[in-house]
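FYI, the numbering just counts along the sequence from 1.
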Amino acid sequence: MSDGWTIGKHAFKSRLLVGTGKYPDFPTMQKALVASGSELVTVAVRRLDLSKKGPESLLEWIPEGMRLLPNTAACFTADEAVRTARLGRELEMGDLVKLEVIGDQRTLFPDVEGLVAAARTLVKEGFTVLPYTNDDPVTAKKLEDAGCAAVMPLGAPIGSGLGIRNPYNLRIIMETVKVPVLVDAGVGTASDAALAMELGAVAVLMNTAIAGAREPVLMAEAMRAGVEAGRKAYLAGRIPMKLHASASSPMTGLIGS
């Protein structure tokens with residue numbers, strides 16, 4: 001699409017961000033990443049096996065031109081997340097970081113207190129921080145005030161595929177903060193991605209919905225189309241919802257009237 005967007009100093013055209021986990025194999029992952037049209041792909045730093053080289057290394061299968069978004073997945077304290085983000089930068093993955101501080105292993109909901117603390121530290125160290133957070137406008141505002149370049153509220157629990165469970169909170173967040181709002185986690189199919197964009201999200205990030213699909217490459221294409229359709233619908237402006245019918249054709253000038 002022609003309307004680009006930015007996070008900090010980084011500019012993008014695609015509004016679909018994708019992950020690298022849970023694919024059946026690297027060739028399938030690579031094909032799906034290409035089909036998604038994404039320019040930014042997440043890599044879990046703590047799960048990256050640096051002993052693997054050549055075709056055995058995940059990084060070798062990232063399509064040319066795609067930028068890496070290291071994330072702090074599997075970090076349960078602010079200190080762990082900060083150390084992991086620093087490691088990603090030492091591996092020359094850049095200043096962008098998807099910040100995760102998990103508070104509960106079963107639901108994978110974020111630890112808000114630890115998340116805000118880690119965000120403050122990383123912003124001071126020059127990172128461009130994209131925090132994964134719950135769909136709470138108060139937390140979103142705290143993260144913006146901490147200097148985060150965007151906020152990434154969940155649509156539903158990570159990997160659940162439940163879709164957008166609370167669109168009203170997402171809309172309130174978009175009204176509350178001035179930084180870009182990206183919907184992260186919970187998307188299950190293309191209509192979920194379209195809805196997130198229709199609500200006004202700047203972009204959508206997903207992994208399981210594509211990697212876990214029966215046909216990951218085809219689902220990547222569907223998600224790309226869903227994001228683009230939702231963005232166009234948002235820009236076009238939907239008609240107001242009404243309780244009663246409104247005739248599509250004018251009622252004046254009818255024959256016999």
Side-chain angles (χ1 to χ4, degrees), residues 5-8 10 12 15-17 40 42 69 71-73 75-78 81-82 85 96-104 106-124 127-188 191-207 209 227 230-231 233-235 237-238 240-241:
W5 60 289
T6 59
I7 298 176
H10 304 276
F12 305 96
R15 294 176 181 270
L16 174 58
L17 286 65
L40 194 58
T42 64
L69 175 59
N71 72 38
T72 63
C75 291
F76 287 82
T77 68
V82 169
L96 282 167
V97 61
K98 179 190 173 187
L99 178 61
E100 296 183 29
V101 181
I102 301 302
D104 177 67
R106 184 172 65 90
T107 63
L108 300 181
F109 284 148
D111 176 344
V112 171
E113 184 178 2
L115 182 67
V116 174
R120 289 188 179 126
T121 298
L122 293 174
V123 167
K124 288 179 182 177
F127 284 91
T128 302
V129 181
L130 286 69
Y132 157 72
T133 182
N134 52 17
D135 57 354
D136 172 24
V138 175
T139 302
K141 183 59 179 172
K142 287 182 178 181
L143 291 166
E144 180 185 44
D145 292 343
C148 293
V151 292
M152 303 175 65
L154 55 83
I158 291 174
S160 68
L162 289 172
I164 309 300
R165 294 294 85 200
N166 197 336
Y168 306 105
N169 271 24
L170 293 179
R171 289 183 63 180
I172 293 171
I173 290 173
M174 293 167 195
E175 294 174 358
T176 301
V177 301
K178 295 182 174 62
V179 295
V181 176
L182 292 74
V183 172
D184 178 16
V187 169
S191 57
D192 300 329
L195 175 58
M197 299 304 296
E198 289 171 2
L199 290 171
V202 169
V204 180
L205 191 154
M206 65 185 71
N207 180 68
V227 167
R231 176 62 179 173
Y234 172 75
L235 293 175
R238 66 159 295 142
M241 294 183 181

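- With a 4.5 Å cut-off on side-chain heavy atoms, Pro157 and Thr107 do not count as touching.
- Atom OH of Tyr132 sits about 4.5 Å away from atom CG of Leu154, to the nearest 0.5 Å.
- Contact annotation: the side chain of Leu130 approaches that of Thr128 to within less than 4.5 Å [non-hydrogen atoms, C-beta and beyond].
- Side-chain contact between Leu143 and Leu99: absent, with no pair of heavy atoms (C-beta onward) separated by less than 4.5 Å.
- When atom types are taken as modelled, the side chain of Asn169 and the backbone of Asp135 share a donor-acceptor pair closer than 3.5 angstrom.
- Smallest separation of non-hydrogen atoms from Ile172 and Pro137: CG2-CG, 3.4 Å.
- What you find for Ala193 and Val187 is that their closest heavy atoms are N-CG1, 4.2 Å.
- Pro153 and Leu182 make their closest contact through CD-O, 3.2 Å (heavy atoms, listed as atom of the first residue, atom of the second, distance).
- With hydrogens and angles disregarded, a donor-acceptor distance shorter than 3.5 Å links the side chain of Thr72 to the backbone of Glu100.
- Note that the CD1 atom of Ile7 and the CE atom of Met152 stand 7.5 Å from one another [nearest 0.5 Å].
- When the ring-ring contact (aromatic ring centres under 6.0 Å, His included) test is applied to Phe12, the partners found at least two apart in sequence or on another chain are Trp5.
- Between the CZ atom of Arg231 and the CG atom of Leu16 there is a distance of 14.0 Å, given to the nearest 0.5 Å.
- Here the straight-line distance linking atom CG of Asp136 with atom OG1 of Thr176 works out to 9.5 Å at 0.5 Å rounding.
- Among all heavy-atom pairs drawn from Met197 and Ala201, the shortest one is CE-O, 3.3 Å.
- Counting heavy atoms from C-beta on, the side chains of Leu205 and Lys98 come closer than 4.5 Å.
- Applying side-chain contact (heavy atoms from CB on, under 4.5 Å) to Asn134 and the options Leu115, Val112, Asn166 leaves one that passes, Val112.
- A pairwise comparison of heavy atoms in Ile102 and Leu108 identifies CD1-O, 3.6 Å as the closest pair.
- For Glu198 (side chain) and Ala233 (main-chain N/O), no donor-acceptor pair under 3.5 Å exists by modelled atom type.
- Between the CZ atom in Arg120 and the NZ atom in Lys142 there is a gap of 8.0 Å [rounded to 0.5 Å].
- Once rounded to the nearest 0.5 Å, the distance linking CZ of Phe76 with CG of Asp104 reads 8.0 Å.
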Give the C-alpha distance, both sets of side-chain angles, the deciding distance and a yes or no for side-chain contact (heavy atoms from CB on, under 4.5 Å) between Arg15 and Val204.
-> CA-CA 6 Å; Arg15 294 176 181 270; Val204 180; over 6 Å; no
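- The shortest heavy-atom contact between Gly8 and Ala149 is N-CB, 4.2 Å.
- Summarising the local packing, OH of Tyr234 is surrounded by 12 or fewer heavy atoms from other residues, nucleotides or ligands at distances under 6.0 Å.
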Give the intermediate values and the outcome of side-chain contact (heavy atoms from CB on, under 4.5 Å) for residues Ile164 and Leu199.
-> CA-CA 10 Å; Ile164 309 300; Leu199 290 171; 4.2 Å; yes
